[in-house]
Q: 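Take a look at this one; I'll ask things after.
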Amino acid sequence: MVIGRTLFAQRNGKIDTENAFKVGPHIVAVENQGKSVVRLNLGEPDFDIPKPIEEEVIRQLQANNTHYCDPKGLPALRKAIAKQIWETRQLQVSPEQVVVFPGGKPSIGFAQQVYCDPGDEIIYPSPGFPIYESFIDYIGAVAKPLHLSEELEFSFSVKQLDALITERTKLIYLNFPSNPTGGIATKEQLKEIAELINRRCGPEVRVYSDEIYEYITFDGKEHVSIATMPGMAERTIIASGMSKTFAWTGGRIGYAVFPTIEEADAFKNLNINYFSCVPPYNQQGAVEALENPAVMDTVKEMVTTFEKRRDWIYQALNDIDGISTKKPGGAFYIFPNISDVCEKLGIIKAYNSLPKKIQAKTSPSTLFQMFALYEHQVAVMDRRSFGKIGTEGKHYLRLSYAAEMSQLEEGVRRISAASKDRNGFKEFFEKGENFV
Ligand code: PLP
């Protein structure tokens with residue numbers, strides 16, 4: 001036996017997680033007390049997959065299309081994706097530049113493995129999808145959060161990005177429409193960002209443009225990809241997938257389009273190493289999703305429903321004393337500022353009284369999140385779930401409106417009740433549990 005050896009390798013302590021999957025057991029704990037929880041925490045559309053996709057997957061299973069297949073993705077699907085990239089962005093790409101993954105998520109961490117050496121710097125939006133930050137320490141790279149500002153409708157200024165770029169910058173994540181804020185970027189903003197990146201970054205720097213919410217935009221605005229800006233196709237990875245657009249999170253089909261075939265093949269090799277290939281019957285379902293026009297009609301109906309809910313929840317949250325929120329331009333999330341509620345309920349004071357060790361694992365918005373769940377039975381996400389570095393003093397929640405109107409109304413009513421319940425918070429805090 002070698003003294004001092006541990007079961008887990010040290011790197012295990014360096015990877016973070018996606019809290020959306022961690023909050024589930026807390027919801028179950030509350031429900032086990034016989035209470036019903038309104039779930040506004042979910043990052044998936046509350047719709048069924050469009051019928052033609054379902055029928056195609058069933059057809060494929062019946063045809064025994066259930067074996068190993070091309071690790072890069074079925075040629076038919078990669079061809080359909082290349083066609084979609086042309087139709088939506090007027091960018092000519094070869095199917096050989098496309099790689100299919102089990103969901104939108106894997107290519108996020110793979111990008112860090114493929115492009116970054118220890119010490120390289122990674123810029124990513126904060127608040128942002130947690131997996132961007134989660135991997136950085138694990139890879140040995142350096143995290144450079146780009147703090148989105150509420151005043152800029154949760155976008156960022158070119159000056160802010162300029163200040164973060166150094167000679168060690170290797171990868172820059174962008175995500176519009178954004179999870180968790182619903183923010184979108186205008187063509188003018190993207191043009192400015194592109195000009196800056198082209199001016200400041202060498203050709204070895206990659207932009208990972210996470211466009212998984214590309215079809216979920218409101219107010220008649222269409223999604224614009226930064227890859228369409230001059231000089232950007234050569235350095236941008238366009239990432240997207242089927243989970244959100246087609247309400248198909250369980251299908252696990254995502255993809256990325258790379259600037260070169262060489263890069264696509266490096267990702268393909270990671271596919272081979274990790275999971276060999278993506279289920280072919282679902283990939284055929286994805287071909288149907290992209291090629292059958294009836295599917296897109298269903299998507300449009302879903303987006304119209306999201307927009308109506310967005311209008312309602314935006315007003316309803318702003319009507320709550322102590323809560324203010326920006327109007328999201330896309331996705332199905334809203335990101336209210338709850339600073340005044342944290343102050344009013346005594347949450348900031350309570351947080352400051354906690355031992356440093358517990359403070360490091362929670363935040364005022366986390367305390368509100370847990371209070372709202374355990375005492376008012378409404379599940380939402382806290383600010384820390386979307387990037388932790390440099391978020392002290394930022395008090396926000398993410399609510400998903402991928403829930404029926406009756407649930408939204410009840411959920412907002414419960415948040416409103418929680419936001420006034422000073423005594424309730426005091427009692428919750430005094431119990432001394434569920435702070436994290
Ligand atoms: N990127 C963003 C911005 C997301 O919000 C999500 C899911 O929530 C993903 C990627 C991952 O999507 P998938 O479920 O297809 O892996």
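Atom set for the values below is all heavy atoms of this structure, side chains included, hydrogens, waters and symmetry mates excluded. Because the structure is a prediction, the values reported are computed rather than measured. Counting starts at 1 for both ligands and their atoms, in listed order.
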Q: Which atom pair, heavy atoms only, marks the closest approach of Ala403 to Leu408?
A: O-CG, 3.7 Å
Q: Once the angle between the rings of Phe110 and Phe275 is folded into 0 to 90°, is it parallel (under 30°), tilted (30 to 60°) or perpendicular (over 60°)?
A: parallel
Q: How would you list, by chain and number, the residues with a heavy atom under 4.0 angstrom from ligand 1?
A: Gly103, Gly104, Lys105, Phe129, Tyr132, Asn175, Asn179, Asp210, Ile212, Tyr213, Ser243, Lys244, Arg252
Q: Check Thr66, Asn65, Asn282 against Gln60 for a side chain to side chain donor-acceptor pair (under 3.5 Å) and give me the one that passes.
A: Asn65
Q: Report yes if the side chains of Ile172 and Tyr208 come closer than 4.5 Å at any heavy-atom pair, otherwise no.
A: no
Q: Okay, side chain of Ser157, backbone of Gln160: is any donor-acceptor separation there less than 3.5 Å?
A: yes
Q: May I ask you to decide if the ring planes of Tyr213 and Tyr333 are parallel, tilted or perpendicular, using 30° and 60° as cut-offs?
A: perpendicular
